[in-house]
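A short write-up of the structure that comes next.
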Amino acid sequence: MLKKSMSKSAMMIALVTGNVIWGGYTVHAEEPNQVFTLDPMVVTAQRMETRDLDTPASTTIISDKEIKDAGYKNVFDAIDNQLGLSSTGYGDAGQEFGFSSGRTVIRGFDRGTLVMVDGIPMNLKNYNSVDSIPISMVERIEIVKGAAGTLYGAEAMGGVVNIITKRPSGKERVTTRSTIGNYYKDYNVTLASEDFMISAGKEYSNKRSHSNDYPNGSETDWWVGKGQTDRAAITARLSEEVSANFFYQNGKITRGGHKYASTPVDYNYRYEDTRMTTGLNYTGKNNGIKAMIGYNYRKANGFDYIKNKAVDSNARLDSYVFDFQKQWNIKNDSFILGYTLRRENYEGLVKKTNVAHRTDNAIYLSYDKQFSDKFKTTLGLRGEKFSDLATDKDILLPQIQTLYKFDEDTSWYINIGKAFQMPAVDSYFTSSNYTNLVPEQGWNYETGVKKLDGNKIYKLSIYHMKFKDKFGWSGSKNLGSDGKQYIVNKGDFRNTGIEFEVTNKVDDNWQYRLGAGYGNPEIYDKSAKKPEWIQDSGRLDLIAGITYNNKKIMSDLTFKYLGDREDYNDRQIPVRARLTLNTMYSFTSNDNVTLTINNLLDRDNYSNRYGNLDLPLNWKVMYEHTF
């Protein structure tokens, strides 16, 4: 049943798509009808259901249908292929090796994206890995670029990503899936009923003899051994107002290499990574209250076979979060008042004395004032207090947003807000100079236009990011007493850019999407002999996709290009150009087979500045059956 407080437009969209809004998230109706909509509902940007055209921020919505059509390998892959987003992984689709973690990057600002699953923060020690969320359980992904710190607090420097998971549909069914490929295979089974969904699966990856661009990108020739990942997930509807989720993952992989230098070095590591995320959500049907209790856990355990000992960085991390908000509707206006408590803990597994924690208390408010049918303003304010072993810190994060409607289908927005991030909770142990670290902070400025024109939607945004004291590594020429790099405030960061995107549903069978972005992400390198502004990430970002769909066949061709990239070790990082073809054939309403071919151009695409590579041309075939 639809919420009484839903707007007329929200209700229309829910009825058209066969979905309802429940618990703040989308729930499939009895027979979900995947109808394409150019103006979806957004729940993350303003903590309440709002049409995309009425949202004063740059937003991207990736639906489960788009995920399936494009053949994305995992959540990281789906996010990475959007305009204004890029990756810092250590291999294909966010490959990770312990705390050599893949990260989601918005508009060139590394370690500056807050990632959540159903509102539960996934970030641990400022990393935002999403590896524990199975792609088959994702209902949609909402990306909010720009100012978001007022509603979500620290770590939302470049923006916020909210992974919204599937909920019970009311129809009992069992779905099995098997995938084989030249680098990858998996097996998965999902059981759905009226009140819960359970998913379990195994993934396997093949060995790669050369996983980086040796000798061009690195003097070390790296290899990656076979990998295995076990996954389990549960989502449940406990009542009309209460939902719960649980996600578990355990992965194992080996990695090694040979460093060709004046003094050769061999490497051989084994990594085991265990993760768990769980939460309980309450959404009142009529009282305007939303509450969430969440827990996030990760244990990274590596072993060095050359030195025959555990890796020093091995650690157990977890965080607890409680969030409560109340919304009041006053005629055409709305007011949100909320409180967040988050505690993050760190425990070293090798150096048992390396134990740290951080507690964060925050009060936030947002007032949405509708001055007329055409113009509204949103004022936000967040007060946040941090307490940890090094120092206490109080911060105030203001935000102002405006939205002007030229007509029902054209809106112009402005979004300005302050952002903030503390040093990673384990930075105490990376340097004796930790007390010299200061938090990152600064401002996001953005204005943009959204226009719905029949079967097309256009989005244009112009932004400026200006942050002080960006975190980074000390560099190979500035090592600590233990001979290792450590975290420092590298310098100020700035980026001014423009993004344009158009999506066109040509007819019942064809749809395409085009996007282009250009920015100038720079950092003021004060450690250089002559301090100067230097490029810090890629400048040119292009996306393109075309989809054909009829009752039996769906075929999707997508392209992601990242060019004019930064220099590393006096060499410009090569262009990244990824072309993917995904084709699905439905034998019956319950059986389909999908062929995915990745990296059709067979390029040596750098997944990070250090020379790690995506997979070369690779394929996989997936068969899915629903009982």
Side-chain angles (χ1 to χ4, degrees), residues 99 103 105-114 121 123-128 147-150 152-159 317 319 340 342-346 354 356-362 381-399 416-445 464-475 477-482 484-495 521-528 531-534 536-537:
F99 285 119
R103 303 186 293 281
V105 180
I106 294 179
R107 291 173 173 169
F109 192 83
D110 196 7
R111 294 188 189 88
T113 303
L114 178 62
N123 293 33
L124 290 169
K125 72 168 199 168
N126 295 13
Y127 289 128
N128 53 36
T150 294
Y152 296 102
E155 301 182 47
M157 298 289 286
L317 312 172
S319 64
T340 302
R342 184 168 185 253
R343 180 180 174 90
E344 183 177 356
N345 303 298
Y346 172 95
N354 287 3
H357 62 266
R358 173 175 294 149
T359 303
D360 171 18
N361 286 273
L381 188 65
R382 186 184 190 94
E384 204 152 3
K385 182 177 181 62
F386 294 88
S387 302
D388 60 26
L389 296 178
T391 182
D392 294 343
K393 186 70 177 179
D394 298 331
I395 187 70
L396 200 63
L397 301 175
Q399 182 176 0
I416 300 172
K418 190 177 182 182
F420 177 86
Q421 182 166 232
M422 291 284 285
V425 69
D426 69 324
S427 296
Y428 309 110
F429 315 122
T430 61
S431 171
S432 59
N433 295 323
Y434 172 80
T435 53
N436 294 329
L437 283 173
V438 298
E440 299 172 326
Q441 55 184 308
W443 291 82
N444 268 298
Y445 307 87
H464 177 65
M465 308 161 70
K466 186 177 182 181
F467 302 134
K468 296 171 54 179
D469 302 310
K470 185 179 188 295
F471 300 135
W473 293 103
S474 58
K477 298 179 181 179
N478 187 16
L479 303 178
S481 57
D482 59 358
K484 298 180 179 179
Q485 298 185 45
Y486 54 92
I487 293 293
V488 297
N489 292 112
K490 291 286 288 186
D492 296 344
F493 175 90
R494 67 186 183 189
N495 187 12
E522 295 181 313
I523 188 169
Y524 188 71
D525 186 5
K526 57 187 178 183
S527 65
E532 59 180 341
W533 288 97
I534 61 173
D536 196 45
S537 188

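In what follows, every heavy atom counts, from backbone to side chain, and hydrogens, waters and symmetry copies are set aside. Since the model is a prediction, treat every value here as computed from it, not as a measurement.
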message: I'd like to know if the side chain of Asp469 and the backbone of Val438 have a donor-acceptor N/O pair within less than 3.5 Å.
response: no

task: Indicate yes or no for a side-chain donor-acceptor contact from Gln421 to the backbone of Arg111 under 3.5 Å, with no hydrogens or angles considered.
output: yes

- prompt: Okay, side chain of Asn495, backbone of Arg107: is any donor-acceptor separation there less than 3.5 Å?
  reply: yes

- prompt: Can you name the closest pair of heavy atoms from Asn444 and Phe467 and give their distance?
  reply: ND2-CZ, 3.6 Å

query: Does any donor atom in the side chain of Arg382 or Thr150 lie under 3.5 Å from an acceptor atom in the other side chain?
result: no

statement: Value for CD1 (Ile395) from CE (Met422), rounded to nearest 0.5 Å, stands at 10.0 Å

Side-chain touch Trp533/Arg494, heavy atoms, less than 4.5 angstrom: yes

task: Specify the closest pair of heavy atoms between Ala156 and Ala419, including all atoms of both residues, with the distance to one decimal.
output: O-CB, 4.1 Å

task: Please report the C-alpha distance between Trp473 and Ile487 in whole Å, then the side-chain angles of each, then the deciding distance to 0.1 Å, and finally whether the side-chain contact (heavy atoms from CB on, under 4.5 Å) criterion is met.
output: CA-CA 5 Å; Trp473 293 103; Ile487 293 293; 4.0 Å; yes

- prompt: Where is the tightest heavy-atom contact between Ala362 and Glu384, given as atom of each residue plus distance?
  reply: CB-CG, 3.9 Å

Partners passing salt bridge (charged side-chain N to carboxylate O under 4.0 Å, His left out) against Arg342 (at least two apart in sequence or in another chain): Glu155, Glu344

Ile523 and Ile534, any side-chain heavy atoms less than 4.5 Å apart: yes

NZ/Lys466: more than 12 non-hydrogen atoms of other groups inside 6.0 Å: no

query: CG of Asn345 to CG of Asp426: how many Å apart, nearest 0.5 Å?
result: 12.5 Å

- prompt: So, is the end of the Lys470 side chain (NZ or CZ) under 6.0 Å from the ring centre of Phe109 and within 45° of the ring's axis?
  reply: yes

Aromatic centroids of Phe493 and Phe471 separated by under 6.0 Å: no

query: side-chain contact (heavy atoms from CB on, under 4.5 Å) between Glu440 and Met157: does it pass, once the steps are laid out?
result: CA-CA 9 Å; Glu440 299 172 326; Met157 298 289 286; 3.8 Å; yes

query: Are side-chain heavy atoms of Pro398 and Trp443 found at a separation under 4.5 Å?
result: yes

- prompt: Side chains of Lys393 and Pro439: does their closest heavy-atom pair fall under 4.5 Å?
  reply: yes

query: Hey, are Lys385 and Asp394 close enough for a salt bridge, meaning a charged N less than 4.0 Å from a carboxylate O?
result: yes

Side-chain heavy-atom pair Leu124, Ser319 within 4.5 angstrom cut-off: yes

task: Give the ring-plane orientation class for Phe99 versus Tyr127, where under 30° counts as parallel, over 60° as perpendicular and anything between as tilted.
output: parallel

- prompt: Under 4.5 Å between any side-chain heavy atoms of Arg103 and Asn126, yes or no?
  reply: no

message: Any heavy-atom pair between the side chains of Leu437 and Asn489 that's under 4.5 Å?
response: yes

Val425 vs Asp388, side-chain contact (heavy atoms from CB on, under 4.5 Å): CA-CA, chis, key distance, verdict: CA-CA 8 Å; Val425 69; Asp388 60 26; 5.7 Å; no

message: With side-chain contact (heavy atoms from CB on, under 4.5 Å) as the criterion, how do Asp360 and Arg343 come out once you've worked through the C-alpha distance, each side chain's angles and the decisive distance to 0.1 Å?
response: CA-CA 6 Å; Asp360 171 18; Arg343 180 180 174 90; over 6 Å; no

query: For Gln399 and Lys418, does a side-chain donor sit closer than 3.5 Å to a side-chain acceptor?
result: no

From Asn128 atom CG to Asn123 atom CG, the distance as rounded to the nearest 0.5 Å: 5.0 Å

- prompt: Any side-chain heavy-atom pair from Phe420 and Leu397 closer than 4.5 angstrom?
  reply: yes

